[in-house]
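See below for the structure under consideration.
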Amino acid sequence: MATKMKAALCFGFGQPLVIEEIWIDEPRRDEVMIKISTCGICHSDVLYIDGAWGGSLPNLFGHEAAGVVESCGSGVANVKPGDRAAVSLLRSCGTCYFCERKLWSQCEYQFETDEPRRLQLQNGMSVRRGLGTGCFAEYAIVHKSQVVQIPESMTMTSASLLTCGVITGFGSVVNTAAVTAGENIVVIGVGGVGINCIQAARIREAATITAIDISDEKLEFAARLGATHTVNPSREDPRDLVFELTERRGADAVFVATGHPAASEGVFRFIRPGGSLILVGMPSNGVNFSFETVEFIDANQSIMGSKMGSANLSADIAELIRLYESGALELDALVSSTFPLENINEAIDATRAGEGMRNVVVF
Ligand SMILES: [Zn+2]
Ligand SMILES: [Zn+2]
């Protein structure tokens, strides 16, 4: 039995989403159907909607969600109907080449949720599900590995942030770069990902955490959540401050948490010999940056990409919930504004304009 539901669909890149009633089918053996309560707007949704990554249309985006489990297939044991759960685009079979190597974000299993015709317009036309989730809608069907139970202590709004912005920023520090106590960290871009790089570096007891952003308001927020120093590069060269803080050696690790093309240019000037650049903010297709190769080799530096914070969804969300409950991880203050589904385009415009940490659609 298919279910009729309201969904905000993308029919044309760069155009506002359109709310339509569409059909969603039933969860299969290893799948979970969630009644969506909240869904954050991520920069990846905006990039997709604006056509930065291509893809077929019509498409249903939204991948940072929380809700209540409506029904489950017979192979699902991690949640049951009635449970409160967070929903992520991260999915893993647990047994493929990459899952065995703990690179869950690269899982190569062909998930049945990606099959066409599982979402249909009233006229029978298939709707694609961007990023394997499709949560700008009243219901979503996802693989069981994409849901994690959340406690009563956490609001749905805060819980929805966990599965993309929080886990990505946090995981890039804890998993990808494995930052340890006493290190000097720089975070470029204080958005939904960067603010969680900062929180993770604070929790990991970094010696200094320097936040770089062109918005003074965002830098103030960064200082509230753990940045020990802030720099607005439109007024000051970040290298001067980083050198001052590190006996002129440079930072141990620099996290680029924005997809802005200029963000990585010149970054190696303030990374110490043996230090790392971690690229975590997603840019549009075709974005490049250049650096002086001989200096990079001479300084034994490295570059790492961090997709979704190299996270293991269930283990890392459990740790984030523990940190939230202990007071170490701030989530509630990351929610800037909430919008009803009818006003989703306002929420998308606010995110595109860089307003706030996270704008969240509430059903
Ligand atoms: Zn995202
Ligand atoms: Zn796999």
Side-chain angles (χ1 to χ4, degrees), residues 13-14 40-54 61 63-64 131 164-166 168-173 176-177 185-201 209-223 225 227 229-242 251 253-271 276-292 296 303-309 334 336 347-359:
F13 292 128
I41 311 280
C42 175
H43 275 280
S44 298
D45 294 312
V46 178
L47 285 172
Y48 254 125
I49 291 166
D50 289 346
W53 292 341
F61 300 113
H63 62 272
E64 194 179 84
L131 297 165
C164 186
V166 177
T168 300
F170 193 88
S172 68
V173 169
T176 313
I185 302 303
V186 175
V187 178
I188 302 176
V190 181
V193 170
I195 195 69
N196 292 298
C197 294
I198 290 165
Q199 294 210 79
I209 305 165
T210 301
I212 302 178
D213 202 288
I214 51 169
S215 156
D216 290 331
E217 194 187 331
K218 288 188 171 179
L219 291 175
E220 264 171 47
F221 191 69
L225 265 59
H229 301 80
T230 59
V231 184
N232 186 327
S234 57
R235 289 198 300 269
E236 195 186 337
D237 186 347
R239 183 179 191 261
D240 297 341
L241 174 65
V242 175
V254 174
F255 295 81
V256 176
T258 162
H260 193 282
S264 304
E265 290 291 348
V267 163
F268 288 110
R269 296 179 305 129
F270 51 88
I271 298 178
S276 312
L277 169 64
I278 299 94
L279 300 179
V280 58
M282 291 293 237
S284 307
N285 286 346
V287 168
N288 293 280
F289 81 101
S290 60
F291 56 93
E292 177 87 38
F296 174 80
I303 307 182
M304 290 183 263
S306 181
K307 181 181 178 187
M308 297 296 292
L334 304 187
S336 324
I348 290 165
D349 289 345
T351 302
R352 190 186 282 115
E355 288 167 19
M357 286 295 124
R358 262 314 188 247
N359 299 296

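For the single chain, residues carry numbers from 1 onward in sequence order. What you see is a predicted model, and the numbers here were worked out from it, not measured in a lab.
- Across all their heavy atoms, Ala257 and Val193 have their closest contact at CB-CG1, 4.0 Å.
- Side-chain contact between Trp53 and Met282 is present, with heavy atoms from C-beta onward closer than 4.5 Å.
- Listed for the Asp240 side chain is no donor-acceptor partner under 3.5 Å among the backbone atoms of Glu236.
- Here CG of Leu279 is found 11.0 Å from CZ of Phe255. Values are rounded to the nearest 0.5 Å.
- Within the structure, side-chain hydrogen bond (donor to acceptor under 3.5 Å, both in side chains) pairs that include any residue of residues 276-288 comprise Ser276-Ser302 (at least two apart or interchain).
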After noting the C-alpha distance and the side-chain angles of Thr210 and Leu241, does the key distance pass the side chain to side chain contact (heavy atoms under 4.5 Å, CB included) rule? CA-CA 9 Å; Thr210 301; Leu241 174 65; 3.8 Å; yes
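- Among residue pairs with one or both ends in residues 348-358, those qualifying as side-chain hydrogen bond (donor to acceptor under 3.5 Å, both in side chains) are Asp50-Arg352, Glu64-Arg358, Asp349-Arg352, Thr351-Asn359; sequence neighbours excluded.
- Here the shortest heavy-atom pairing between Met357 and Phe221 reads CG-CE2, 3.5 Å.
- At least one side-chain heavy atom of Leu334 sits less than 4.5 Å from a side-chain heavy atom of Leu225.
- Atom CD of Glu217 sits in a sparse spot, with 12 or fewer heavy atoms from other residues, nucleotides or ligands closer than 6.0 Å.
- Considering Thr258, Thr230, Ile214, Ile195 as possible partners of Val190, the one that fulfils the side-chain contact (heavy atoms from CB on, under 4.5 Å) test is Ile195.
- Considering every non-hydrogen atom in both Val280 and Cys197, the closest pair reads CG1-SG, 4.4 Å.
- Val187 has its side chain out of reach of Ile212: every pair of non-hydrogen atoms, C-beta onward, lies at least 4.5 Å apart.
- With values rounded to the nearest 0.5 angstrom, Ser264 atom OG is found 6.5 Å from Ile188 atom CD1.
- The shortest non-hydrogen separation linking Ala347 to Ile41 is CB-CG1, 3.9 Å.
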Please lay out, stage by stage, how Ile49 and Phe61 fare under the test side chain to side chain contact (heavy atoms under 4.5 Å, CB included). CA-CA 8 Å; Ile49 291 166; Phe61 300 113; 3.6 Å; yes
Should Val256 and Ile278 be marked as a side chain to side chain contact (heavy atoms under 4.5 Å, CB included) after you check the CA-CA gap, both sets of side-chain angles, and the distance that decides it? CA-CA 6 Å; Val256 176; Ile278 299 94; over 6 Å; no
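- Remark: Ser234 pairs with Asn232 by the side-chain hydrogen bond (donor to acceptor under 3.5 Å, both in side chains) rule, at least two apart or across chains.
- Rounding to the nearest 0.5 angstrom, the gap separating the CD atom in Glu220 from the CG atom in Asp213 is 12.0 Å.
- For Phe170 against Ala200, the heavy-atom pair with the smallest separation is CD1-CB, 3.4 Å.
- Below 30°, between 30° and 60°, or above 60°: for Phe289 and Phe268 the angle between ring planes is below 30°, a parallel geometry.
- Looking at every heavy atom in both residues, Ala222 comes nearest to Ala211 through CB-CB, 3.8 Å.
- Side chains of Asp237 and Arg269 form a contact here, defined as non-hydrogen atoms less than 4.5 Å apart.
- In this structure the side chain of Ile348 never reaches within 4.5 angstrom of the side chain of Asp45, judged on heavy atoms.
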List the steps and the verdict of side chain to side chain contact (heavy atoms under 4.5 Å, CB included) for Val267 and Val186. CA-CA 10 Å; Val267 163; Val186 175; over 6 Å; no
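- Donor-acceptor pairing under 3.5 Å is lacking for the side chains of Ser306 and Ser172.
- With a 4.5 Å cut-off on side-chain heavy atoms, His260 and Pro283 do not count as touching.
- Using a 4.5 Å cut-off on side-chain heavy atoms (C-beta onward), Arg235 and Asp216 make contact.
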